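Remember, predicted model here, so these are calculated numbers, not experimental data.
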Amino acid sequence: MALDFAKIEKHWKDYWVENKTYKVDIDKKKEKYYVLDMFPYPSGAGLHVGHPLGYIASDIFSRYKRMNGFNVLHPMGFDSFGLPAEQYAIQTGIHPADSTRENIKMYKKQLSNLGLNYDWSREVQTSDPSYYRWTQWIFSRLFEHYYDIDKNKAVSIDELLEEFEKNGNLNVTAATAETKSFSAEDWKKMNDTEKNDVLMNYRLAYRKVGYVNWCEALGTVLANDEVKDGISERGGHPVVKKPMNQWSLRITAYAERLLKDMENIDWSDSLKSMQRNWIGRSEGLQMFFDIAQSDKKLEIYTTRPDTIFGVTFMVLSPEHPYVEELTLDANKKEVEEYIEYAVNKTEIERTSEKKISGVFTGSYAVNPINGKQIPIWISEYVLMDYGTGAIMAVPSDDERDRAFAEYFNLPVINIIDKSNYPEATSKDKLGIMINSDFITGMEVPEAIEAIINKVESMGIGKKQVNYKLRDANFSRQRYWGEPFPIIYDDQGIAYLLPDDELPIELPPMTEFKPTVDGKSPLARNKNWVNDFDGFYRETDTMPGFAGSSWYFLRYMDSQNEDEFASKEALEYWQDVDFYIGGTEHAVGHLMYSRFWHKFLYDLNLVPTNEPFKRLVNQGMIQGVIEFLYLRKDKENDVNIFVSKELVNANNLEEYAKIPVYIKFVKDYGSENSYLDKVGIDKFREWREEYNNAKFVLQNGVYQSGKFEGEGSKDDIKFTTLSEVGKMSKRYHNVVNPDDVVAEYGADVFRMYEMFLGPIEQSKPWDTKGIDGISKFIKRFWGLYEDRDSKWLVKDEKPNSVELKILHKTIKKVTEDINHLSFNTAISAMMVFVNEIKKIDSHKTDILEPMVKLIAPFAPFIAEELWHKLGKINSVHHEEYPVFEEKYIKESKVKYPICINGKKRGIEEFDADATQDEIKEIVRELDYVKKWIGDKPIRKEIIVPGRMVNIVI
RNA sequence: GCCGAAGUGGCGGAAUUGGUAGACGCGCUGGACUCAAAAUCCAGUGGUAGCAAUAUCGUGUGGGUUCGAUUCCCACCUUCGGUACCA
């Protein structure tokens with residue numbers, strides 16, 4: 001066999017490294033183009049077949065851009081801080097830095113096997129002190145700035161202090177939590193703690209109370225991800241919400257800019273709309289309701305002030321600070337039980353709960369507009385984090401309020417007549433007010449204005465813009481993340497450590513378990529914590545999104561020790577032209593990066609206002625996840641797993657789903673996947689906490705190696721639940737690309753992933769069609785060299801047929817790359833091979849451009865063929881072929897002939913035939929006459945170049 | 001629940017602006033080569049009826065707009081991603 005891909009790949013991989021083929025530097029003579037992949041978290045499971053989908057696409061695109069004369073920046077790095085490495089360390093004692101280093105090594109080898117054209121000299125790792133030094137540096141800047149609403153940008157806290165000294169905060173408009181006004185006098189009278197508290201309300205990085213998932217049994221804070229259905233994924237212990245003082249980033253200050261600046265970037269509408277909805281801007285009315293028999297006033301926010309006469313009750317979030325005071329003694333027991341039930345549920349559980357639940361406090365509020373007393377209830381569907389944590393309920397015009405009112409038999413007053421708008425839903429602000437006192441008869445928008453004016457004139461509220469977006473919790477009680485450059489004095493006042501002491505490095509440790517009171521593992525290291533006289537260090541670390549919010553800037557100048565990137569590099573590379581990554585980052589990472597970028601822009605540290613000009617979401621390659629059903633309740637402290645066929649579909653909420661390593665499972669991925677005895681034993685060994693668990697089967701029970709029931713141990717069939725989902729270490733369902741590359745070669749693997757379908761579409765992994773690509777590559781190769789390694793390419797002048805085949809292909813492939821339609825580009829190249837093979841043509845002028853055309857897709861064999869054609873330099877720096885119209889001009893055009901829109905035949909016409917000429921010919925066709933019969937022709941439609949339709 | 005996406009032959013998918021539904025590939029069937037197999041090559045391949053010409057049905061479901069709908073509109077179903085501490 002002439003084609004030895006393993007040898008070819010090895011050879012050219014070395015050649016590219018030696019010749020620095022993909023290294024790129026600032027070159028002002030050339031236009032820059034920045035192609036970026038979302039960098040991976042280096043998981044212990046290694047790169048899986050889903051990762052390369054985006055990497056291959058960006059690789060093709062960046063190669064294509066380079067061949068079109070651009071100076072292409074295409075770097076790669078690792079998002080190497082994170083929870084899994086820490087969990088691994090707790091289990092094995094291996095330091096996260098060590099396991100991370102090993103994982104990165106493995107990832108780089110896997111990536112290089114795919115022939116990706118990264119400039120590795122620019123690599124970044126978020127867990128490297130030389131990188132996180134600058135993450136800490138940016139945090140320090142966030143700490144020292146506040147958001148000035150008048151200037152519409154971040155401004156230094158020093159300027160704010162000067163202003164406080166002069167005028168207090170009377171003239172300051174800033175993005176803050178609720179702050180009292182104070183004069184310069186007041187300010188000067190405050191002690192340090194008070195001043196510090198005030199400033200915290202202004203800083204873009206500030207401290208406030210947040211809630212964490214606390215698991216008493218494990219003695220640790222858990223990520224949302226580690227909590228399944230209210231119990232810990234490891235061990236199945238109960239989890240509760242616990243308040244803790246935490247760092248937050250004031251992303252809400254940037255809400256309006258994050259929203260508005262999306263207009264100017266080339267992102268898909270669906271992605272923009274996700275971000276828009278996440279920000280969730282609404283205009284409405286903030287107002288106070290009096291409370292009967294109390295001095296307190298209840299603050300609410302509504303987008304529908306017009307419905308004020310339809311308010312029949314109020315609902316508080318279970319966490320609302322007034323709950324205790326408003327609950328009468330008679331209702332106390334019930335309320336406490338309800339809060340217990342609601343508070344520890346996750347937000348998703350609470351808002352997606354179909355069962356309606358709530359409890360009456362016993363207290364009443366007073367509608368300030370009509371003086372009516374209305375009951376105050378508590379329900380889980382009101383969230384403390386959105387608006388004010390309290391709502392006025394209007395059951396006539398809000399679906400959730402209506403369901404609640406119907407369930408608890410609360411009154412409903414109809415206040416909007418929608419009969420003029422039959423298509424309108426309850427959400428539309430349409431209709432005419434009824435039963436509404438002085439606004440009766442008004443259209444809804446008019447009524448909204450009227451009530452806002454009324455409320456403002458009464459001095460009990462004001463018009464307000466509200467956002468769903470919440471400030472970002474920035475503290476994690478973890479070891480493996482960036483330490484904060486923060487120390488506290490004995491009064492708990494936070495101070496920044498000076499920039500020249502950065503990076504604040506993670507101290508070496510051997511124990512990564514959190515402390516018993518839920519503090520970060522760093523708190524165990526007393527020497528490190530109390531390093532400064534009279535001060536102690538912050539022991540929380542930063543979350544995963546810290547390092548990933550600015551890494552694309554570091555690539556521009558990754559070795560710089562004086563700045564996060566030089567002005568020159570930032571000026572040249574500007575921003576990311578083309579960013580590709582998964583939709584799972586559509587709101588999280590992409591929102592945080594935009595926020596950090598805008599902040600840096602405000603400080604004049606980056607030249608652009610938005611980081612990513614064009615963004616494409618690649619779909620996910622999914623795997624099959626295998627789950628075991630675990631009963632949430634234990635028997636005598638023993639966990640009970642139940643075989644799938646015994647689980648009643650109606651009681652699914654009684655079970656948690658525990659993922660199992662797919663290699664333990666028989667008939668993996670099918671309806672009937674199951675664990676046999678060996679599989680269960682492997683699982684028990686793998687997950688120690690389930691070593692003594694009971695496995696309930698159809699024909700008996702298996703526990704601790706013993707089987708009781710009908711038949712023998714060897715008959716054990718514990719069926720598992722198979723679901724299509726993410727390929728991830730968490731689900732233990734990863735498929736490694738190395739195996740595929742070893743069998744078929746990297747070029748085949750690359751083209752196969754691209755050939756699977758459109759880049760933005762998700763699909764389950766499956767190697768069914770890979771033989772087709774493998775055959776195609778061999779056939780393509782066979783145009784140049786036969787099976788006996790005889791060189792076939794000849795210097796003969798190509799004829800018009802050959803030129804037409806070539807230029808048709810160039811046209812299609814080029815267009816498709818620009819549309820990122822790689823699957824159809826590949827299909828066009830397949831068509832080329834089929835057609836050129838049929839005429840047995842092997843001419844240089846045809847086959848040379850084809851090597852260049854395929855080079856971005858199959859870089860290895862392209863490079864090999866290019867050199868076999870006698871070329872000296874890399875094909876990847878050649879110019880991409882350009883298609884010429886003159887070679888593909890058709891003299892004849894085929895038209896489908898339709899009768900009433902149904903195709904009845906195909907006819908060929910001269911390309912320059914007029915509509916009348918076509919009509920005349922068509923009318924005389926036998927089959928047309930037959931279909932028309934004696935019916936009159938009502939219409940003849942000719943779409944030039946497309947089709948003919950006769951309507952009878 | 002809310003936000004976003006997808007649904008087309010046995011399978012992955014194509015149809016870029018409302019204009020020939022099923023390109024290309026897998027699989028399958030038949031054939032050539034071979035002692036045989038693999039590999040390769042050739043032909044066929046949406047369903048139904050028919051020897052055939054051809055007819056008819058057909059793009060998740062139900063409606064609608066149009067000469068013409070996979071494409072636009074309305075309602076619904078299913079699956080996937082996100083849902084603020086996985087990354």
Counting heavy atoms from C-beta on, name the nucleotide in [options] closest to the side chain of [X].
{"X": "A:Trp931", "options": "B:rU56, B:rG13, B:rU40", "answer": "B:rU56"}
{"X": "A:Asn823", "options": "B:rC11, B:rC86, B:rG13", "answer": "B:rG13"}
{"X": "A:Ser270", "options": "B:rA84, B:rA5, B:rG1", "answer": "B:rA5"}
{"X": "A:Pro758", "options": "B:rC24, B:rG1, B:rG13", "answer": "B:rG13"}
{"X": "A:Asn949", "options": "B:rA84, B:rG81, B:rG19", "answer": "B:rG19"}
{"X": "A:Val951", "options": "B:rA39, B:rC67, B:rC86", "answer": "B:rC67"}
{"X": "A:Ile348", "options": "B:rG12, B:rC85, B:rG1", "answer": "B:rG1"}
{"X": "A:Glu584", "options": "B:rC85, B:rA87, B:rU56", "answer": "B:rA87"}
{"X": "A:Lys763", "options": "B:rC24, B:rU83, B:rG13", "answer": "B:rG13"}
{"X": "A:Arg478", "options": "B:rG12, B:rU20, B:rC85", "answer": "B:rC85"}

Between [X] and [Y], does the ring centre distance come in under 6.0 Å?
{"X": "A:Phe755", "Y": "A:Phe776", "value": "no"}
{"X": "A:Phe78", "Y": "A:Tyr41", "value": "no"}
{"X": "A:Tyr744", "Y": "A:Phe749", "value": "no"}
{"X": "A:Tyr131", "Y": "A:Tyr551", "value": "no"}

How far, in whole Å, is [M] from [N] if one measures between their [atom1] atoms?
{"N": "B:rG63", "M": "B:rU16", "atom1": "P", "result": "27 Å"}
{"N": "B:rG46", "M": "B:rG10", "atom1": "P", "result": "11 Å"}
{"N": "B:rG62", "M": "B:rG4", "atom1": "C1'", "result": "24 Å"}
{"N": "B:rU56", "M": "B:rA21", "atom1": "C1'", "result": "16 Å"}
{"N": "B:rG18", "M": "B:rC73", "atom1": "C1'", "result": "13 Å"}
{"N": "B:rC24", "M": "B:rA15", "atom1": "P", "result": "13 Å"}
{"N": "B:rU79", "M": "B:rC28", "atom1": "C1'", "result": "28 Å"}
{"N": "B:rG12", "M": "B:rU8", "atom1": "C1'", "result": "12 Å"}

Mind checking if [X] touches a base, just sugar-phosphate, or nothing, with heavy atoms under 4.0 Å?
{"X": "A:Asp385", "result": "nothing"}
{"X": "A:Gln618", "result": "nothing"}
{"X": "A:Met620", "result": "sugar-phosphate"}

To the nearest Å, give me how far apart [atom1] ([X]) and [atom2] ([N]) are.
{"X": "A:Arg946", "N": "B:rU16", "atom1": "CZ", "atom2": "C1'", "result": "9 Å"}
{"X": "A:Ile770", "N": "B:rG13", "atom1": "CD1", "atom2": "P", "result": "15 Å"}
{"X": "A:Met754", "N": "B:rC24", "atom1": "CE", "atom2": "P", "result": "21 Å"}
{"X": "A:Ile899", "N": "B:rU54", "atom1": "CD1", "atom2": "C1'", "result": "15 Å"}
{"X": "A:Leu53", "N": "B:rG12", "atom1": "CG", "atom2": "P", "result": "16 Å"}
{"X": "A:Asn900", "N": "B:rA55", "atom1": "CG", "atom2": "P", "result": "14 Å"}
{"X": "A:Lys838", "N": "B:rA43", "atom1": "NZ", "atom2": "P", "result": "6 Å"}
{"X": "A:Gln622", "N": "B:rA5", "atom1": "CD", "atom2": "C1'", "result": "11 Å"}

message: Reading 5' to 3' and counting Watson-Crick or G-U wobble pairs with both distances under 3.5 Å, write the dot-bracket notation for RNA chain B, | for bases paired outside the strand.
response: (((((((..(((......[....)))((((((.......))))))((((....))))..(((((..]....))))))))))))....
- prompt: Is it the case that A:Lys241 places NZ or CZ above or below the six-membered ring of A:Tyr211, under 6.0 angstrom from the centre and within 45 degrees of the axis?
  reply: no
query: Looking at A:Trp267, is A:Arg594 sitting on its ring face, NZ or CZ under 6.0 Å from the six-membered ring centre and within 45 degrees of the normal?
result: yes
- request: Could you pick out which residue, A:Ser762 or A:Lys939, lies toward the 5' side of RNA chain B when each is mapped onto its nearest nucleotide?
  value: A:Ser762
statement: Assert: residue with more 5' nearest nucleotide on RNA chain B, out of A:Lys837 and A:Asp816, is A:Asp816
Below 4.0 Å: OP1/OP2 of [N] and any side-chain N or O of [X]:
{"X": "A:Arg904", "N": "B:rA55", "answer": "yes"}
{"X": "A:Arg470", "N": "B:rA84", "answer": "no"}
{"X": "A:Ser827", "N": "B:rA14", "answer": "no"}
{"X": "A:Lys775", "N": "B:rA39", "answer": "no"}
{"X": "A:Lys902", "N": "B:rC57", "answer": "yes"}

field: Where the chi angle of B:rG63 falls, syn if within 90° of 0 and anti if not
entry: anti
- prompt: Do the side chain of A:Gln477 and the base of B:rC85 come within less than 3.5 angstrom through a donor-acceptor pair of N or O atoms?
  reply: yes
task: Return yes when atom OH of A:Tyr407 has more than 12 non-hydrogen atoms of other residues, nucleotides or ligands closer than 6.0 Å, and no otherwise.
output: no
query: Around atom OH of A:Tyr88, are there more than 12 heavy atoms of other residues, nucleotides or ligands at under 6.0 Å?
result: no
- prompt: Just wondering, do A:Gln477 and A:Gln246 contact through their side chains at under 4.5 Å, heavy atoms?
  reply: yes
query: Could you walk me through whether A:Glu482 and A:Arg476 pass the salt bridge (charged side-chain N to carboxylate O under 4.0 Å, His left out) check?
result: CA-CA 10 Å; A:Glu482 299 87 349; A:Arg476 301 292 181 266; over 6 Å; no
- request: Classify the side-chain pair A:Ser282/A:Asn466 by whether it contains a donor and acceptor separated by less than 3.5 Å.
  value: no
